[in-house]
Amino acid sequence: MLEALSVAMASLTNALPDAGKRNFTDADVRIVLHQTEDTERIEEQLPVEVEANGLVFGKRTSWKRQLRNKRTTTALDKNVRELAESALSAARNDLNYLMPLVCYFGTRRLFSQPKDMLSSDKTTNETLKPTPIMESDTGFAIEKGKAFRSRLAGYWYANDARTSPKLLQRWLMLEQQRAFSKGKETYIFFMVKTALRRCIADCTGVKVDPLLGLVIDTKQGGRLPFDRLSDGQPTIAAMVGELAWRAAQLNPNLREDVFKKTPGIVLIDELDMHLHPTWQRRIVEDLRGLFPEVQFIATTHSPLVVQSMREGEVIQLDPAMGTIANTENRPLETIVKGLMLPKDPSIDDVTKLMGVSEPETSQRYGEMKGVATQLLSLLERIKKADPQERERVKDEVAGVMKEVRTYSDNPAFQAFLEMRRIAAFGE
């Protein structure tokens with residue numbers, strides 16, 4: 001499914017500079033085995049076709065891509081390529097022209113990386129290794145970093161299923177160099193580091209060291225370079241960091257709103273890969289909160305990830321498994337039916353063993369419940385409070401109501417608590 005979407009998305013990305021060409025391959029072709037008593041023949045089923053429709057640079061359009069006679073056709077998606085070329089021209093001449101974030105993360109995203117465009121080592125064609133930038137490489141990276149001057153560098157490898165942590169670190173290193181020379185950080189540099197800090201569990205700080213590259217401060221592990229993080233941490237750091245620097249590179253004019261206002265589409269295969277159960281519970285909300293205008297299409301086998309999805313967001317690809325309706329706040333035992341074998345241990349036992357509290361509901365539901373409980377408790381105090389205490393409680397209520405308003409997608413939740421507040425204060 002994601003490969004098909006990647007092929008469809010390539011109508012756009014193939015027109016973008018260095019985004020990675022993606023056409024149909026032999027692996028995309030269905031084959032049929034014809035067998036007789038003593039012979040076997042394998043026949044490819046052609047043509048192969050992907051049809052898509054959606055918004056491309058604000059214009060609703062539809063397009064197709066076909067594989068016929070071992071060649072991907074170019075006539076059926078001409079409209080998308082023309083829109084992309086027009087947008088590229090506008091982006092080069094107007095920094096305020098909004099460019100979308102597009103990206104694809106496959107299952108090998110940390111272990112197989114694209115060829116290093118900026119590497120000074122020309123003796124090998126090996127893919128990048130997930131190591132930090134060392135001193136011997138830093139000067140060359142900064143010298144070649146003029147390539148980052150164009151906002152369109154945010155599309156490098158965009159439709160390549162591999163990630164490039166080294167590109168992230170080079171971008172950070174160049175921004176660190178710029179901050180040192182100017183005596184202050186740019187907004188986009190600050191925002192990318194903030195995004196990393198928000199999405200890496202137990203992270204207390206993000207720094208860029210001239211020798212070690214990206215360094216993460218954690219509560220339990222202390223200060224660690226990128227390649228010494230535990231499995232789940234580099235997975236999150238590489239993915240969120242890549243999305244963050246791409247958005248910042250594409251739309252630097254948005255400054256502190258760069259993540260909030262940048263639209264786009266991101267494909268992620270096995271979203272839960274390498275993540276501890278506690279991180280699986282929060283990854284969807286972290287991505288949703290950081291990039292609210294981006295459409296994420298992800299696959300998962302984790303009931304913890306499925307539980308955090310909202311109504312209408314889960315699609316069951318295997319019809320034999322039945323349908324999944326609203327999964328938000330549904331007990332994991334209910335979600336797991338059809339996803340795990342009956343012989344598996346109780347999901348409650350597994351999640352509690354791994355340190356996940358209240359597995360029967362999503363983390364977001366627990367947060368909403370906590371905010372509501374706090375507010376209702378404060379409103380009860382109002383009934384017995386003297387005028388001075390009443391003012392103090394009123395200030396606390398105002399603070400809690402700010403949290404209530406962050407759940408803008410649930411108007412009933414907001415309206416109920418707002419009505420209780422008005423009833424208590426009469427205003």
Side-chain angles (χ1 to χ4, degrees), residues 1-33 42-57 59-89 91 99-117 125-128 147 150 152-164 167 239 242-243 246 250 263-270 294-299 317:
M1 180 65 73
L2 290 185
E3 289 299 318
L5 289 168
S6 176
V7 170
M9 190 168 72
S11 295
L12 168 65
T13 56
N14 282 2
L16 300 175
D18 298 312
K21 296 296 182 183
R22 176 64 166 100
N23 295 315
F24 286 104
T25 67
D26 290 342
D28 298 320
V29 181
R30 185 171 68 91
I31 59 174
V32 173
L33 174 65
I42 294 177
E43 301 296 340
E44 294 183 331
Q45 303 299 296
L46 295 172
V48 181
E49 181 178 284
V50 169
E51 183 175 358
N53 64 80
L55 289 173
V56 182
F57 293 104
K59 296 184 179 180
R60 181 161 294 282
T61 187
S62 59
W63 66 99
K64 293 181 182 180
R65 303 196 78 203
Q66 283 185 347
L67 178 68
R68 288 180 178 273
N69 301 320
K70 297 296 184 179
R71 291 180 63 87
T72 303
T73 58
T74 58
L76 300 176
D77 61 348
K78 184 179 178 182
N79 55 337
V80 175
R81 286 183 284 111
E82 288 177 345
L83 287 172
E85 289 165 4
S86 175
L88 287 175
S89 177
M99 295 298 285
L101 172 67
V102 291
C103 211
Y104 179 23
F105 298 104
T107 53
R108 297 183 299 161
R109 47 185 173 263
L110 272 185
F111 307 107
S112 177
Q113 301 171 48
K115 185 177 179 181
D116 189 355
M117 296 164 62
N125 287 324
E126 290 182 1
T127 55
L128 292 174
S150 169
L152 301 179
Y155 288 125
W156 287 350
Y157 310 129
N159 204 3
D160 191 308
R162 301 164 293 184
T163 56
S164 182
L167 269 181
M239 185 166 64
E242 181 166 336
L243 293 175
R246 287 184 185 278
L250 290 167
I265 180 168
V266 174
L267 312 178
I268 307 175
D269 200 2
E270 298 293 354
V294 171
Q295 180 185 16
F296 288 93
I297 302 177
T299 65
L317 295 181

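Of the inter-residue distances, the one linking Leu46 atom CG with Arg30 atom CZ reads 10.5 Å to the nearest 0.5 angstrom. In this structure, CG on Asp28 lies 11.0 Å from CD on Glu44, to the nearest 0.5 angstrom. In this structure, Leu83 CG and Asp77 CG are separated by 11.0 Å, a value rounded to the nearest 0.5 Å. A distance of 5.5 Å separates CG in Leu267 from CG in Leu2, rounded to the nearest 0.5 Å. Here the CG-NZ distance, from Asn79 to Lys59, works out to 10.5 Å after rounding to the nearest 0.5 Å.
Counting heavy atoms from C-beta on, the side chains of Pro100 and Tyr155 come closer than 4.5 Å. The shortest side-chain heavy-atom distance between Met1 and Thr299 does not fall under the 4.5 Å cut-off. Within the 4.5 Å cutoff, side-chain heavy atoms of Glu3 are placed close to those of Arg22. Contact of the Arg65 side chain with the Asn23 side chain is registered, since non-hydrogen atoms from C-beta on lie closer than 4.5 Å. Contact of the Phe24 side chain with the Val7 side chain is registered, since non-hydrogen atoms from C-beta on lie closer than 4.5 Å. A 4.5 Å side-chain heavy-atom check between Leu88 and Pro17 finds at least one atom pair inside the cut-off. Annotation: side chain of Leu12 is in contact with side chain of Phe57 (closest heavy-atom distance under 4.5 Å). Lys21 places none of its side-chain heavy atoms less than 4.5 Å from the side chain of Asn159.
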Any chance you could lay out the side-chain contact (heavy atoms from CB on, under 4.5 Å) test for Phe105 and Glu270, step after step, and finish with the verdict?
-> CA-CA 9 Å; Phe105 298 104; Glu270 298 293 354; over 6 Å; no
Take Arg60 and Asn53, measure what side-chain contact (heavy atoms from CB on, under 4.5 Å) needs, and give me the verdict at the end.
-> CA-CA 7 Å; Arg60 181 161 294 282; Asn53 64 80; 4.1 Å; yes
Please lay out, stage by stage, how Trp63 and Val56 fare under the test side-chain contact (heavy atoms from CB on, under 4.5 Å).
-> CA-CA 11 Å; Trp63 66 99; Val56 182; 3.9 Å; yes
Residue pair Leu152, Leu16: steps toward the side-chain contact (heavy atoms from CB on, under 4.5 Å) verdict = CA-CA 8 Å; Leu152 301 179; Leu16 300 175; over 6 Å; no
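A donor-acceptor contact shorter than 3.5 Å links the side chain of Thr73 to the backbone of Gln66. No donor-acceptor pair closer than 3.5 Å links the side chain of Trp156 to the backbone N or O of Arg246.
Listed here is the closest heavy atom pair of Ser11 and Arg81: O-CG, 3.3 Å. Residues Cys103 and Met9 approach most closely at O-CE, 4.1 Å, considering heavy atoms.
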